[in-house]
Amino acid sequence: MIMGLRLELWVVLFIFNGILDVILCDQQGFLSLSCGGNTTYVDSLNITWISDDEYINVGRTLTTSYVDNTSSMNTSVRYFPDARARNCYKLPVQNISSSVLVRAKFVYQNYDKLKRAPAFILSLGRAMTAAINLSKADPWTEEFIWPVSKDYVPFCLYHIPDGGNPVISSLELRPLPQGAYNSGLVGPRKNILRKCYRINCGYTNGSIRYPLDRYDRVWDADVDFSPSHLSVPLYTKVGLNVPSMSEVPPLAVLQTARLLERRNFLSYDLPLDEVGNYYIVLYFAGIVPVYSRFNILANGEIIQSNYTVNSRNSSVYYFTMKQVKGLNITFQNISFYPLVNSIEVFEIVDIPPETSSTTVSALEVIQQYTGLDLGWEEDPCFPKPWNHITCDGNLVTSIELSGINLRSISPAFGDLLDLRALDLHNTSLAGKIQNLEGLLHIEQLNLSFNDLTSFGTDLESLVNLQLLDLKNNSLQGTVPDKLGALKKLRLLNLENNKLRGPLPHSLKKENLVLRISGNLCLSFSTSGCNSSGEAPIEAPQFTVIPERKHRGHSHIAIILEEEAEIRNWNAARVFSYKEIKKATHNFKDVIGQGSFGSVYPGKLPDGKMVAVKVRSDKTQLGADSFVNEVHLLSQIRHQNLVSLEGFCHESKQQILVYEYLPGGSLADSLYGSNSKKFTLNWVRRLKIGIDAAKGLHYLHNGSEPRIIHRDIKCSNILLDEQMNAKVADFGLSKQLSEAEATHVTTTVKGTTGYLDPEYYSTLQLTEKSDIYSFGVVLLELICGREPFTRGSGNPDSFNLVLWAKPFLQAGMFEVVDDNLARDYDMESMRKAATIASRCVERDASIRPTMGEVLQELKEAYSLQLAYLASNGQAD
Ligand SMILES: *[C@@H]1O[C@H](CO)[C@@H](O)[C@H](O)[C@H]1NC(C)=O
Ligand SMILES: *[C@@H]1O[C@H](CO)[C@@H](O)[C@H](O)[C@H]1NC(C)=O
Ligand SMILES: *[C@@H]1O[C@H](CO)[C@@H](O)[C@H](O)[C@H]1NC(C)=O
Ligand SMILES: *[C@@H]1O[C@H](CO)[C@@H](O)[C@H](O)[C@H]1NC(C)=O
Ligand SMILES: *[C@@H]1O[C@H](CO)[C@@H](O)[C@H](O)[C@H]1NC(C)=O
Ligand SMILES: *[C@@H]1O[C@H](CO)[C@@H](O)[C@H](O)[C@H]1NC(C)=O
Ligand SMILES: *[C@@H]1O[C@H](CO)[C@@H](O)[C@H](O)[C@H]1NC(C)=O
Ligand SMILES: *[C@@H]1O[C@H](CO)[C@@H](O)[C@H](O)[C@H]1NC(C)=O
Ligand SMILES: *[C@@H]1O[C@H](CO)[C@@H](O)[C@H](O)[C@H]1NC(C)=O
Ligand SMILES: *[C@@H]1O[C@H](CO)[C@@H](O)[C@H](O)[C@H]1NC(C)=O
């Protein structure tokens with residue numbers, strides 16, 4: 001039967017020369033490292049392999065070789081014996097505007113004759129990406145798609161306890177075309193895709209890669225995945241209309257398929273390593289001379305019904321599966337022959353949030369200050385905290401540098417605003433205790449065994465201090481009264497100093513353990529010294545264990561509505577889940593990933609385009625809160641605010657439907673791949689600034705209740721076709737979801753580069769925080785640069801505010817975007833620059849209000865219009 005069908009098809013198939021032939025390409029941007037090798041050679045695919053020596057970034061590694069028992073080749077490997085080292089490669093990326101494929105091969109093959117295959121873990125950038133266990137498979141290959149964010153890929157191997165020495169055999173880097181796998185790279189920080197499967201369906205004779213695949217992806221033979229129902233492998237040379245996406249598979253891959261004949265199902269069962277989120281790409285090509293129509297099911301549920309593949313045409317279908325530990329992809333017959341040509345499955349690996357730029361710069365300064373190489377590179381907290389520091393999420397919460405020669409407390413320590421514990425004992429500190437006043441969260445401070453002579457005044461502001469250890473210093477004079485005002489202080493050790501005089505009575509407290517022996521003359525008694533100098537209060541030494549931070553679960557409920565009443569609202573329309581599904585073509589395309597879920601484009605039956613925002617499970621609100629929020633949002637109408645069209649609240653879904661703005665975001669216009677930076681002249685930029693200012697002004701002053709946006713940034717300012725700007729993504733939800741968040745605080749509340757610096761001390765976002773963020777947006781309009789980038793090459797990170805503000809305040813316009821081609825009125829620019837600089841003042845109280853900002857921008861706008869008119873230019 002099967003053979004019959006095959007023959008029949010061979011008869012009707014036709015050879016088509018034309019549309020596409022195999023594209024032979026150069027290996028531009030390929031980097032192929034033979035780990036531990038010391039010669040350059042060209043392999044049978046004409047790929048050039050070089051030694052990894054120059055790309056490795058670690059002290060002690062060893063290389064060895066083994067004879068591969070299949071190829072009889074003498075092959076080299078590199079292994080990493082130092083259990084505490086960051087064993088890293090830095091792979092240079094030529095084009096930082098796309099993604100790259102990183103493929104690593106690990107081989108043990110008993111090279112050390114110990115028969116103990118190692119297990120270890122890998123990281124890419126900030127993300128831990130994979131656990132390798134060569135007892136399970138040897139060799140072992142991993143492949144990742146990495147959204148490039150700097151001009152090199154940091155790729156590291158780490159020991160695990162009893163895991164043996166990490167070992168690597170080869171490392172390959174392949175640039176991908178722009179846009180490749182973009183729909184799988186979601187979220188503000190994007191994510192890494194870890195390849196699980198790439199199956200060339202219906203092809204059983206080996207794998208296909210370069211040069212047939214110009215990007216050198218390896219398309220595996222369809223042999224180990226035995227579909228659960230018999231199917232026909234099919235091969236043809238028919239010409240095909242190839243889908244116009246950048247990750248298109250090579251023609252050779254599209255020309256084979258698994259095809260189902262006279263049965264109901266064609267299934268692939270794809271076991272996965274672990275429970276996680278997965279991104280699946282299916283490729284279809286009409287290589288039979290009829291059209292196929294079928295349903296696509298994943299783990300038993302129909303995710304696309306009535307999918308059609310026309311003869312000679314081809315298409316791609318992608319989707320994600322959340323929290324699954326296995327995949328069953330099934331094609332269910334509707335008419336003719338369901339078929340599938342290729343399947344790719346990727347695990348979605350989240351990239352953790354960056355540590356704040358202030359913290360990173362401070363730590364870099366401290367490292368320089370020590371004069372030592374502490375091995376502090378890349379992000380302090382991820383993938384693994386640096387030596388000497390501890391993190392809570394992306395906050396650096398403790399640092400310990402004992403035994404290093406520091407001499408004085410550098411101001412940089414004062415910038416580590418999240419510190420809970422600082423241990424600088426035995427670091428040769430001398431002079432005054434200083435530069436610590438900003439450390440409002442600090443609970444444990446150990447400055448013992450130094451040569452400090454004076455208390456200074458900083459300690460008084462450390463209101464959360466529980467343990468203060470100053471023993472074995474040279475502190476002189478009397479003990480400051482104000483130390484007694486530190487309510488949480490539980491242990492104060494002043495032993496072995498040169499203190500004298502009566503102890504302040506404020507320190508006579510039940511919960512405070514004082515240790516004061518070894519001083520000149522110190523006691524609570526006013527009538528002179530206790531001759532022995534013994535501490536009057538004795539208590540055993542103890543350690544304070546810092547309490548874990550817990551945030552209250554206080555929901556902000558404004559009005560309680562009856563569920564039934566919501567149907568009567570006229571402002572917002574109530575959609576059924578079915579309508580939503582239809583409008584979004586079953587959530588086919590993702591246009592964005594906001595702070596609380598994905599955004600899909602949709603089309604209502606009347607043709608109106610909408611943006612459909614679907615809450616992810618994690619960010620869902622209680623029913624009451626959701627109803628409150630919709631009620632609130634539906635009442636906020638302003639021409640410069642993106643309006644809520646309606647919502648859906650059923651099937652455990654919380655969905656908000658917004659008006660759709662075709663012009664994308666301001667961030668896209670300034671920095672996106674189709675950047676319109678050049679066409680955004682000064683008058684247009686001012687207009688965008690004014691529009692956004694109006695929207696924000698309304699939120700602050702006009703709406704009821706008043707709303708703090710909390711996440712003003714260029715990607716939340718959207719444009720319509722006429723370049724009118726509207727502010728998006730405002731509402732109560734962030735206040736609510738923030739109350740749920742117990743740890744990662746900065747990511748919930750703001751975006752790196754836009755976050756009010758005062759937030760670190762107050763832990764509160766206010767109207768003035770919005771003003772700060774808005775000031776950053778203005779600086780971006782003026783300078784055409786993103787607010788924050790980690791430096792490429794140089795160790796300093798770039799911070800737009802720190803960089804631009806001094807220039808602009810001084811009226812020096814070198815920092816103005818070159819794309820503005822100096823075609824602006826100086827006075828107009830001066831006004832805008834001045835107001836932008838005032839918005840980003842560190843001290844919130846001197847920042848202007850939104851009303852003032854708007855006024856100044858309007859004046860700058862008029863000046864620019866007058867300038868254009870006098871130059872005979874019209875906009
Ligand atoms: C490569 O390594 C081998 C053995 O370690 C050594 O004999 C040879 O000189 C090396 N070649 C180069 C070019 O370094
Ligand atoms: C191998 O690659 C080189 C350049 O990388 C090219 O000049 C040469 O033609 C290629 N040879 C074959 C057989 O493809
Ligand atoms: C090659 O090594 C593998 C495992 O190390 C072993 O299973 C296989 O039998 C070996 N093949 C030959 C030809 O020695
Ligand atoms: C493999 O090559 C290395 C140097 O490249 C050499 O030291 C070693 O003896 C070789 N092993 C075998 C079995 O040929
Ligand atoms: C590696 O795999 C082997 C065999 O499955 C297992 O016994 C061992 O515990 C694993 N090692 C680690 C560190 O997971
Ligand atoms: C980088 O990639 C983009 C998009 O693929 C392309 O337009 C640009 O020309 C590339 N730049 C270089 C230097 O290759
Ligand atoms: C499989 O591929 C090998 C070479 O890669 C070729 O010699 C052989 O003929 C192929 N077999 C079939 C059935 O196509
Ligand atoms: C895969 O799904 C199909 C359709 O839902 C089902 O018939 C088949 O039994 C499933 N296979 C496994 C192994 O669960
Ligand atoms: C599938 O599509 C065809 C034609 O577009 C239509 O006639 C048929 O009713 C659809 N079937 C289902 C189950 O939606
Ligand atoms: C080919 O498929 C694409 C979608 O993948 C579709 O837009 C196009 O109309 C189809 N062309 C033909 C000739 O069927």
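Because only heavy atoms are used, hydrogens play no part in the values below, and waters and symmetry mates are left out as well, while side chains stay in. We count ligands from 1, going down the list as the structure has it; atoms in each ligand are counted the same way.
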*Asks:* How would you list, by chain and number, the residues with a heavy atom under 4.0 angstrom from ligand 5?
*Replies:* Ala119, Asn133, Ser135, Lys136, Ile160
*Asks:* With side chains defined as the heavy atoms from C-beta onward, is the minimum distance between Thr40 and Ile50 less than 4.5 Å?
*Replies:* yes
*Asks:* Do the side chain of Asn38 and the main chain of Ser51 share a donor and acceptor less than 3.5 angstrom apart?
*Replies:* no
*Asks:* When the ring planes of Phe80 and Tyr89 are compared, do they come out parallel, tilted or perpendicular, using 30° and 60° as the limits?
*Replies:* perpendicular
*Asks:* Using a strict threshold of under 4.0 Å (side-chain N to carboxylate O), is an ion pair present between Glu378 and Arg86?
*Replies:* no
*Asks:* Between Asp216 and Arg103, is there a salt bridge with N-O shorter than 4.0 Å?
*Replies:* yes
*Asks:* Salt bridge check: are Asp162 and Arg116 linked by an N-O gap of less than 4.0 Å?
*Replies:* no
